[in-house]
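Just so you know, these numbers come straight off a predicted model, no measurement behind them. The basis for the numbers below is simple: all heavy atoms, side chains too, and nothing from hydrogens, waters or symmetry mates. Read the numbers this way: they start at 1 and go in the same order the structure lists the ligands and their atoms.
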Amino acid sequence: MASSRMVSHYKDYLYSICKSEDLSEATRLLEACQTHGFFYLGLQDFPEGETLLAEANQLQSLAQSAFSLPLPEKLRYSLKKGISLFGYKPAGTIKQTDPSHRPDRTEFFNISKDYLHYGTALSPFPSSSSPSLPTSTTTPYPPVIESSKSLLKSFTKHSHDVGMIILQTLARQLNLPNDQEFTNLNRFDQPSGDHCRLIKTSGSPQASSSNSEKSIGLPSHTDFGSVTILFNWLGGLQIESSSPTEEEFKWQWVKPIPNHAIINFGDAMVTFTNGALKSAKHRVVPLPGEQATRDRHSVVYFVRPHNDVPMKPVAGFDTGGDRVKAAGKFSPVAAPGKEQQQQQQQGKTPVLTAGEWMVKRAIQLGN
Ligand SMILES: O=C(O)CCC(=O)C(=O)O
Ligand SMILES: [Fe+2]
């Protein structure tokens with residue numbers, strides 16, 4: 001993909017970009033975010049980057065152990081659609097976004113940052129939207145995951161830090177009056193949907209033939225948070241081209257590059273910038289060639305706006321006119337409930353909070 005040239009080195013480059021010492025790299029970062037919504041981030045040769053790479057590798061091993069548990073055991077930790085984003089999702093549950101409604105081959109564990117660091121918040125959803133939610137249980141994850149808590153804590157903190165540097169850099173590049181404009185909406189110490197996701201996409205002996213027609217790795221979707229920091233080791237990820245000339249070029253491969261993270265933006269950033277930044281559609285397809293039968297693991301960290309953040313453009317992008325719908329699918333303007341009607345009567349545009357918005361997006365995506 002064209003953005004493969006857009007390779008930044010963690011801290012060194014990004015901090016220098018923040019200090020405006022490397023304007024050309026910062027400009028390319030902004031361009032990648034406006035066009036592809038994806039870029040690679042080199043993590044080698046810097047202590048902090050090497051640490052994050054090592055943590056991602058260890059989490060890949062953890063994923064292998066966690067997914068090798070028997071299905072009934074994994075199902076004991078299932079996330080509850082529309083109730084909690086966190087927990088286990090079995091394969092075959094996400095069909096809505098695939099045009100042929102093929103079942104997905106991906107299972108994952110969503111592990112809450114708030115649970116890891118603050119011991120709370122199995123649900124990121126504000127109690128007003130879901131009054132009967134449990135907010136914590138003692139063992140929300142299998143023992144193999146629970147016993148890796150310190151690794152998960154470290155990975156989530158380091159990944160969040162990377163996300164904040166990127167957001168600060170973008171705020172500068174977009175000439176926002178305050179370069180903390182985006183980071184202030186994604187604070188680590190606030191209750192949010194931030195989480196680490198461990199993923200397994202199953203290979204299958206028949207994967208390269210007719211079976212591949214009947215299932216898909218992970219259907220086309222946009223992420224709905226702010227920044228996604230993704231580590232994968234096998235191919236299969238594709239993004240929708242920003243300028244497809246012909247149908248066969250509609251999807252572009254995003255191959256893993258050793259020692260790099262893949263960064264992409266989610267729909268929250270589209271909302272905050274009223275469309276100036278892009279959240280690209282992406283999917284995971286059955287692996288090409290000799291990789292076809294191999295199980296594929298990914299490790300992800302999702303930075304999401306904290307629960308009480310209003311989902312509306314930030315100062316500078318709030319033109320007062322029409323608001324862009326993130327991914328063309330879902331407008332963060334609230335459906336007129338009682339509170340929203342009151343706001344409308346007062347001449348205000350009703351706006352969902354990030355917590356409320358994420359419930360709707362999660363249900364829409366089938367998880
Ligand atoms: O596994 C991958 O490479 C992509 C995963 C992904 O897009 C997601 O979890 O949202
Ligand atoms: Fe994704």
Exercise for the section: Using distance alone, with no hydrogens and no angle criterion, decide if S220 and H282 have a side-chain donor and acceptor under 3.5 Å apart. Expected result: no
Practice task
Specify the protein heavy atom at minimum distance from atom 1 (O) of ligand 1: its residue, its atom name, and the distance to 0.1 Å.
Solution key: S298 OG, 2.7 Å
Handout entry: pair I199-F231: side-chain heavy atoms closer than 4.5 Å
Key = no
Exercise for the section: Go through ligand 1 atom by atom and flag the ones less than 4.0 Å from a non-hydrogen atom of L218. Expected result: 5 (C), 6 (C), 7 (O), 8 (C)
Practice task
Measure up the Y88 and F67 rings against each other and bin them: parallel (under 30°), tilted (30 to 60°), perpendicular (over 60°).
Solution key: tilted
Practice task
With heavy atoms under 4.0 Å as the rule, classify the contact between I262 and ligand 1 as side chain, backbone, both or neither.
Solution key: neither
Practice task
Taking E356 for its side chain and T353 for its backbone only, find out whether a donor-acceptor pair lies under 3.5 Å.
Solution key: yes
Handout entry: Angle subtended at the Fe ion (ligand 2) by H282 NE2 and H221 NE2, rounded to 10 degrees
Key = 90°
Handout entry: R296 touching ligand 1 at heavy-atom level, < 4.0 angstrom
Key = yes
Completion exercise
Checking heavy atoms under 4.0 Å, the part of T106 that sits near ligand 1 is neither
Practice task
With heavy atoms under 4.0 Å as the rule, classify the contact between L230 and ligand 1 as side chain, backbone, both or neither.
Solution key: side chain
Practice task
Tell me, please: is F302 in heavy-atom contact with ligand 1, that is, under 4.0 Å?
Solution key: yes
Fill in the blank from the handout: atom 9 (O) of ligand 1 has as its nearest protein heavy atom R197 NH1, 2.9 Å
Handout entry: Per-atom contacts, ligand 1 versus H282 - under 4.0 Å to a heavy atom
Key = 7 (O)
Practice task
May I ask you to decide if the ring planes of H117 and F188 are parallel, tilted or perpendicular, using 30° and 60° as cut-offs?
Solution key: perpendicular
Handout entry: Validation row, ring centre Y301 to ring centre H195 under 6.0 Å
Key = no
Handout entry: Flag side-chain contact, heavy atom, 4.5 Å: E107 against K74
Key = yes
Exercise for the section: Would you mind naming the N, O or S atom of D223 nearest to the Fe ion (ligand 2)? Expected result: OD1
Problem - Qualifying residues under ring-ring contact (aromatic ring centres under 6.0 Å, His included), relative to F272, sequence neighbours excluded - result: none
Exercise for the section: Tell me which protein heavy atom sits closest to atom 5 (C) of ligand 1, plus the residue, atom name and distance to 0.1 Å. Expected result: I199 CD1, 3.7 Å
